[in-house]
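Below is a structure I'd like to ask you about.
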2 protein chains.
Amino acid sequence: MVTAHEGSRAGSKAMATSTRTDVGRKRLGGTRLGTRGQPEESRAAILKAAVGEFAEHGVAGARTDAIARAAHVNKALLYYYFKDKDALYEAVLDHVFSGLRARVVPVLESKLLPREKMLEYLAAYFDYIAANPRFPRVVQAEWTRSPGKHTARMERIAREYFRPIYQKLVEVLQAGMETGDFRRVNPMDFLPSMVAVIVLYFSAAPVMKTLMKVDPLSAERIAERRAFVLEFISAALFARRP
Amino acid sequence: MVTAHEGSRAGSKAMATSTRTDVGRKRLGGTRLGTRGQPEESRAAILKAAVGEFAEHGVAGARTDAIARAAHVNKALLYYYFKDKDALYEAVLDHVFSGLRARVVPVLESKLLPREKMLEYLAAYFDYIAANPRFPRVVQAEWTRSPGKHTARMERIAREYFRPIYQKLVEVLQAGMETGDFRRVNPMDFLPSMVAVIVLYFSAAPVMKTLMKVDPLSAERIAERRAFVLEFISAALFARRP
DNA sequence: CTCTCCTAATTAACCAGTTAGTTAGATTAT
DNA sequence: ATAATCTAACTAACTGGTTAATTAGGAGAG
C-alpha cells in the first residue's frame, strides 16, 4: 500500500488537466467520478473542507468525518493524503500562511518609502484576510495553546513565516523613525498591535453580528473597515508634521 | 438525589468561613476532606480548574476528567454543581465577564472627562486581563464560532455584559468628539480595535514567546506593554491640538 | 489495436481507545 | 433522621485511525 502524504507536494502540475468545474466529486448521471479521478482536486477539496471545520469547531472539536463529508470524499482518503488529523491541520496552517506571505513579501521588498510601504503592507494583509475571513479563526484555534508538541509546530511556523516578515517590518519601522516620518515605537509592541487590529475584527465577526445590527462581513462594511484600519494605524504611527 | 446547579448562585456567603489555604481537597494525614466539607470552595476550585483547562485546550479539547483532577475533586462533582460541560463553560464565561464588568463599569460611571475616562477605562481593562492572562484564551476558544446553540449563549453574554459597556463607551466617544478632544471615529470600528490591542497580546503570548527572546508575560514586559497600549490608543484617538 | 497487468486513487466496514455523563451509595453536619 | 456533599465504578456513544478490497487509467506485449 502506498500513501501520498510523504514527500512534499507530489505531482502538483496535474492541477491543469481538467477544465471541468470543481463540482467534482459528486456522482452525476450515474457516471462514477471520484475513482482514479483528480488526485490534486481531492487534496484541495479536503484542505478547503478542513479550513471550514477547523474554523468552526477548533482543532479538537473538528470531526474528521465531517471534513470528509464536506469534501465529498471517503474519510480514509484523509489518511491517504495526510498522516493524521494533526498533519492535516498543519497543512492548513501552511496553506494559510504561505498565501499571506505571497501577498505581503513583494510589498515589503518593493522600493516604496516607509509610509507608503507600511500602508501597502496593511492593505495587502487586510485584503488577504478579508478574502478569507475564516483564516483568523483557523489560526487562533490553536495559536493560543502553549505546551505540548504544538510548540514544535508553532516554532516552525514562526521561523518560516513570521520571523522573515517581522524582520522586514522592523526595518521599515526603523527607516521611518529615522526619517522622522514615524513616531518612535517599540516594534515588539507595535507590530502585534497592527495584526490585532486587522485580524480580530474578522475572528470576532460572529459575536459582532449579534452585537450590531449590520452584517460585519458585508461588502460595504468591509470597505469601511478597511478605510478605518488604514486611518487608525496611520494616526497611531505617523508623526504629526509641525 | 439533589443537585446544586439549578437556582442562581446558592449560598455564596459560605466563602468566608474557612481561613484555611486552598490546598483544600487533598487528603492529608488520613483525614478525609471533601465530604461535606467546603461546598463553595469545591465549586470555586472546579471553576478555577475549568478556566485552566478551557484556556489550554479550548472547549472541545478540554477533558472533564482533567478538570476534576486539577480541582482535586471527583468528576461526578462537576455534574453535581454544573449541568454539563457546556454549562460549566458558561459559568466560566460569566465569571470572566462579571469580573471585567465589576472593574470597568465604575470607571465609566465616574465623573471624569472623556480623555481621562477613556484612559482609566483602558487601564482598568488592561490590568484585569494582565492579572488573568488566561481569560482571553478562554473566551476566544468559543467566541469565534458562529452557528449552533452557541449563538443563544453568545447573545446572552452580549446582552448582559457587552451591550451596556459598549453603550457607555459610545457616549464617552461622542462626548470627546463634541468637545474636540477626540478625532472623529466610528465607534463600531474604534471600540473593537481597542479591545483587540489589549487582548490579542495576551492570547498570542504563547506564540510570541517563541518569536521573541523575552518572556511576554514577565512583570517588566507587561508594564512596558501597558504604557504602550495607553500611548497607542491615545495617539489613535486624541486630536492634535494646533 | 487490444488484451494484461500494474498501480494510484478510492471506498465500505470495522475497531480500539476515549470521553461525557450516570448511578447507586457513602459520609457527615444539623 | 434528613438533606447536603461527595465518591468509586460503570456505561453508552463517539471518534480517530486502520484494513482489506475495489476501481479504472495507463504502459507494455503481442
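The structure displayed is predicted, hence computed values, not measured ones. In what follows, chains carry the letters A, B, and so on, assigned in the order in which the sequence lines appear, proteins first and then strands, with residues in each chain numbered from 1.
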* A/L77 CG to D/dG16 C1', straight-line distance once rounded to whole Å -> 16 Å
* Under 30°, 30 to 60°, or over 60°: which ring-plane class applies to A/Y128 and A/F135, parallel, tilted or perpendicular? ->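 Ring orientation, 0 to 90° scale: tilted.
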* **Whole-Å gap separating P (C/dT19) and CD (B/E53)** => 10 Å
* For atom CZ of A/F82 and atom C1' of C/dA9, their distance in whole Å ->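 The answer, rounded to whole Å, is 14 Å.
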* Asked: What is the distance, rounded to the nearest whole Å, between atom OH of B/Y80 and atom C1' of D/dT5?
  -> 5 Å
Give every pair of a protein N or O atom and an N or O atom of nucleotides 20-22 of chain C that lie under 3.5 Å apart, one pair per line with the distance.
residue : atom : partner : partner atom : Å
C/dA20  : OP1  : B/A62   : O            : 3.1
C/dA20  : OP1  : B/R63   : NH1          : 3.0
C/dA20  : OP1  : B/K85   : NZ           : 3.4
C/dA20  : OP2  : B/T64   : N            : 3.1
C/dA20  : OP2  : B/T64   : OG1          : 2.6
C/dA20  : N7   : B/K75   : NZ           : 3.1
C/dG21  : OP2  : B/Y79   : OH           : 3.3
C/dG21  : OP2  : B/K85   : N            : 2.9
C/dG21  : N7   : B/K75   : NZ           : 2.8
C/dG21  : O6   : B/K75   : NZ           : 2.5

* Asked: What residues form a side-chain hydrogen bond (donor to acceptor under 3.5 Å, both in side chains) with A/D127, not counting sequence neighbours?
  ->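 side-chain hydrogen bond (donor to acceptor under 3.5 Å, both in side chains) list for A/D127, sorted by chain: A/R226.
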* **Protein-nucleotide distance (A/I67, atom CD1; D/dT15, atom P), rounded to Å** => 12 Å
* Considering residues at least two apart in sequence or located in another chain, which fulfil the side-chain hydrogen bond (donor to acceptor under 3.5 Å, both in side chains) criterion with A/R101? ->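 side-chain hydrogen bond (donor to acceptor under 3.5 Å, both in side chains) check on A/R101 returns nothing, list empty.
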* Quick one: A/Y89 OH to D/dG17 C1', roughly how many Å, whole number? ->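 These atoms are roughly 21 Å apart.
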* Contacts of A/R156 that satisfy salt bridge (Lys or Arg N to Asp or Glu O under 4.0 Å) - sequence neighbours left out ->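 With neighbours one apart ignored, the set is A/E90, A/D94, A/E160.
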* Which residue pairs pass the salt bridge (Lys or Arg N to Asp or Glu O under 4.0 Å) test when at least one of the two sits in residues 63-82 of chain A, sequence neighbours left out? -> A/D65-A/K75
* Asked: What residues form a salt bridge (Lys or Arg N to Asp or Glu O under 4.0 Å) with B/E224, not counting sequence neighbours?
  ->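 By the salt bridge (Lys or Arg N to Asp or Glu O under 4.0 Å) rule, B/E224 matches B/R221.
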